[in-house]
Amino acid sequence: MSKVDGIGSVARDRDEKYSEYEAAGIREYWIIDPRPNRRRDDFHVLDRAGRYQPVPVDTDGIYRSTVVEGFWLDVRWLWVDEPDPVAALRQIVGGI
């Protein structure tokens, strides 16, 4: 697999790093794949047995972290052509 086309990175994220992070007890693991025509966002949280379980995004398109209290992410922000990170941060923290 070539690192140039991103496939090597995707495989590492979904296999090696996934297993390594799970074994290390990292409580939340996000995989964001920005490749054209393959865009996807996957969120995983450790269960009581120490195994990752997929966590769906809310019906309103929001992922709410189970690790960082009060942090949420509108997954649509990941896929806009010209994101506005300052506007997103304002929404997350309540209008700073």
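Note that these values count all heavy atoms, side chains included, but never hydrogens, waters or copies made by symmetry. Keep in mind that this is a model prediction, so the values were computed, not measured.
Counting only heavy atoms from C-beta outward, the side chains of I26 and Y52 approach each other to under 4.5 Å. Side-chain contact check for F43 versus V57: some heavy-atom pair is nearer than 4.5 Å.
With hydrophobic clusters built from ILVMFWY side chains whose heavy atoms lie under 4.5 angstrom apart, V86 does not share a cluster with L73. Placement of I31 and L46 within a single hydrophobic cluster is found when ILVMFWY residues are connected by side-chain heavy-atom separations under 4.5 Å, directly or transitively. Linking Ile, Leu, Val, Met, Phe, Trp and Tyr residues whenever their side-chain heavy atoms come within less than 4.5 Å places V45 and I62 in a single cluster.
Contacts of D13 classified as salt bridge (Lys or Arg N to Asp or Glu O under 4.0 Å), with partners at least two apart in sequence or in another chain: K17. In this structure R39 satisfies the salt bridge (Lys or Arg N to Asp or Glu O under 4.0 Å) test with no other residue, sequence neighbours excluded. Applying the side-chain contact (heavy atoms from CB on, under 4.5 Å) criterion to V80, with sequence neighbours excluded, gives P83. Listed by chain and residue number, Y29 satisfy the ring-ring contact (aromatic ring centres under 6.0 Å, His included) test with Y21 (two or more places apart in sequence, or in another chain). Not counting sequence neighbours, the partners of D58 by the salt bridge (Lys or Arg N to Asp or Glu O under 4.0 Å) test are R64. Partners of W77 according to the ring-ring contact (aromatic ring centres under 6.0 Å, His included) rule, which considers only residues two or more places apart in sequence or in another chain, are W72. Among residues two or more places apart in sequence or in another chain, the salt bridge (Lys or Arg N to Asp or Glu O under 4.0 Å) test is passed with D74 by R76.
Taking CZ of R90 as the reference point, atom CG of D84 lies at 7.5 Å (rounded to 0.5 Å). For the atom pair W30 CH2 and D41 CG, the distance stands at 10.0 Å (nearest 0.5 Å).
Judged as a salt bridge (Lys or Arg N to Asp or Glu O under 4.0 Å), the pairs with a partner in residues 20-34 (not counting sequence neighbours) are, in order, R12-E20, E22-R51, D33-R35.
Residue S65 comes nearest to V67 through the heavy atom pair OG-N, 3.0 Å, listed as atom of the first residue, atom of the second, then distance.
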